[in-house]
Amino acid sequence: MNTLSQLPSVDRLLSSPAIVALIELHGRAMVTRLVREILDNTREAVKVGAALPDDAMLIEKVGAGGTALATPGLRPVFNLTGTVLHTNLGRAQLPEEAIAALVTAARSPCALEYHLATGGRGDRDDIVNDLLRELTGAEAATVVNNNAAAVFLLLNTLAQKKEVIVSRGELIEIGGAFRVPDIMKRAGVKLVEVGTTNRTHLKDFAEAITPRTAMLMKVHASNYAIEGFTHAVLEAELAALAHEHNLSFVVDLGSGTLTDLARWGLPHEPTPQETLGVGAAGADLVTFSGDKLLGGPQAGLIVGRKDLIARIKKNPLKRALRVGKLTMAALEAVLRLYRDPDRLAERLTALQQLTRPEDDIHAAAVRLAPTFQAALAKLPVTVEIVALKSQIGSGSLPVDRLPSAGFAIRPQGRKSGVLNRIEAALRALPWPVIGRIEDGALLLDLRCLAVGEEEEFRAALVAFITS
Ligand SMILES: *Cc1c(COP(=O)(O)O)cnc(C)c1O
């Protein structure tokens with residue numbers, strides 16, 4: 001008997017009321033493609049013995065397929081990992097001022113490269129040049145896609161076919177893809193390593209200088225700390241040595257912030273202003289990220305000597321690495337917030353998260369505990385409010401932890417598989433909840449859950465109960 005002939009035709013399915021509703025939602029082309037695909041798959045399955053589905057089952061499959069295709073790939077998540085500047089979750093959350101600025105720039109034509117005073121062509125870097133000069137004391141500034149691009153462009157412009165001397169202890173890898181030696185090679189620069197992993201002295205640099213040397217470079221050891229018997233050369237000494245030999249001295253700060261974080265009880269991170277210039281450490285150029293401690297959009301900033309910045313801007317690769325108007329709009333808005341350091345911790349979202357008091361986070365845990373416990377009530381786990389340590393993230397300040405609070409979910413008895421199942425189910429929610437598994441517990445750190453998002457989080461947990 002030919003069971004296959006009992007399968008509905010594409011047309012019959014497309015004219016059923018439920019599918020007509022799906023066409024309203026997703027468009028005819030997509031739904032037709034889904035119907036074909038599902039009928040083809042069903043035919044193959046039935047040929048090898050699967051039961052023949054009825055129309056309702058097929059329609060349900062089309063609905064599920066439509067929902068999956070209509071779900072954006074870039075989805076918002078709840079970052080309960082405890083890492084504030086989480087690279088895989090998009091790093092800094094922008095402040096409202098920056099969000100408003102980028103929405104405006106998205107909606108309207110804007111004077112991105114247009115000189116309103118003269119009607120002539122402008123330079124997009126001018127949008128933030130004065131602000132960066134004001135905030136860092138640098139003579140000039142330029143902006144590219146990210147800090148890796150900043151380092152690459154700087155090296156390629158100022159040291160191509162020449163040698164750059166770096167301490168062995170600073171040949172770092174950040175987040176898998178950024179390795180200083182690889183960037184140097186691609187920039188056409190010969191890397192000269194000096195010193196040892198834990199100790200490098202000024203004379204190591206001095207002895208390595210040759211007529212082919214273009215630059216001395218210091219890379220901030222962002223994501224790790226070497227402790228114990230260590231020695232690094234002071235930036236001021238490196239600057240003096242470089243300048244004695246007519247070389248430039250550049251510093252890749254990685255995570256740049258423009259204020260002293262110690263003011264808020266956070267560990268001090270070196271700033272561009274103290275790394276540049278006379279009386280400070282004396283670097284000629286400094287590079288740093290826009291979306292790490294700065295709290296802005298993804299960008300790479302290069303600040304320092306005007307003549308060197310001018311050369312960097314003339315490199316044809318600058319065009320390939322430049323930022324778009326959305327980034328510029330958000331970056332300008334974030335930099336403006338730094339003009340008023342007294343209100344920065346209230347206005348700059350990343351700093352607000354980093355300085356959020358432990359008591360405040362604990363209070364959020366107490367508020368959410370009943371919903372959370374109800375969500376997990378039927379599972380063989382215990383849930384408790386615990387003290388946690390958050391991390392700043394993005395390679396900044398690796399040894400410093402911020403006292404925080406949240407939930408610890410532990411399996412009852414030896415059913416450790418249940419944690420992985422809960423972790424995966426939370427990740428699969430329409431608004432996914434991302435935690436971390438550590439020492440046999442699933443930990444959800446509430447530092448980055450804003451008070452205003454608690455209702456949405458509750459709704460996510462209700463979805464969890466019904467899933
Ligand atoms: C993070 C970091 C980079 C890479 O910056 P991106 O903005 O991620 O491209 C380069 N150097 C250092 C020292 C860093 O910390």
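Read the numbers this way: they start at 1 and go in the same order the structure lists the ligands and their atoms.
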[X] heavy atoms, cut-off 4.0 Å: which ligand 1 atoms fall inside?
{"X": "His220", "result": "13 (C)"}
{"X": "Ser289", "result": "5 (O), 6 (P), 7 (O)"}
{"X": "Asp252", "result": "10 (C), 11 (N), 12 (C), 13 (C)"}

Does ligand 1 come near enough to [X] that some N or O of the ligand is less than 3.5 Å from an N or O of the residue?
{"X": "Arg91", "answer": "yes"}
{"X": "Ala299", "answer": "no"}
{"X": "Asp291", "answer": "no"}

Flag for [Y]-[X]: side-chain donor and acceptor within less than 3.5 Å:
{"X": "Thr210", "Y": "Glu163", "answer": "yes"}
{"X": "Arg436", "Y": "Thr81", "answer": "no"}
{"X": "Arg447", "Y": "Ser390", "answer": "yes"}

Min heavy-atom dist Lys292 to ligand 1 below 4.0 Å: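 A heavy atom of Lys292 does come that close to ligand 1.
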Salt bridge or not between Glu358 and Lys389? Use side-chain N to carboxylate O under 4.0 Å.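 Here Glu358 does not pair with Lys389 in a salt bridge, since their nearest N and O are not under 4.0 Å apart.
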Do the side chains of Arg339 and Glu134 get close enough for a salt bridge, i.e. N-O under 4.0 angstrom?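 Yes, this pair counts.
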With sequence neighbours excluded, residues passing ring pair (Phe, Tyr, Trp, His ring centres under 6.0 Å) with Trp431: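 Here the qualifying residues are Phe78.
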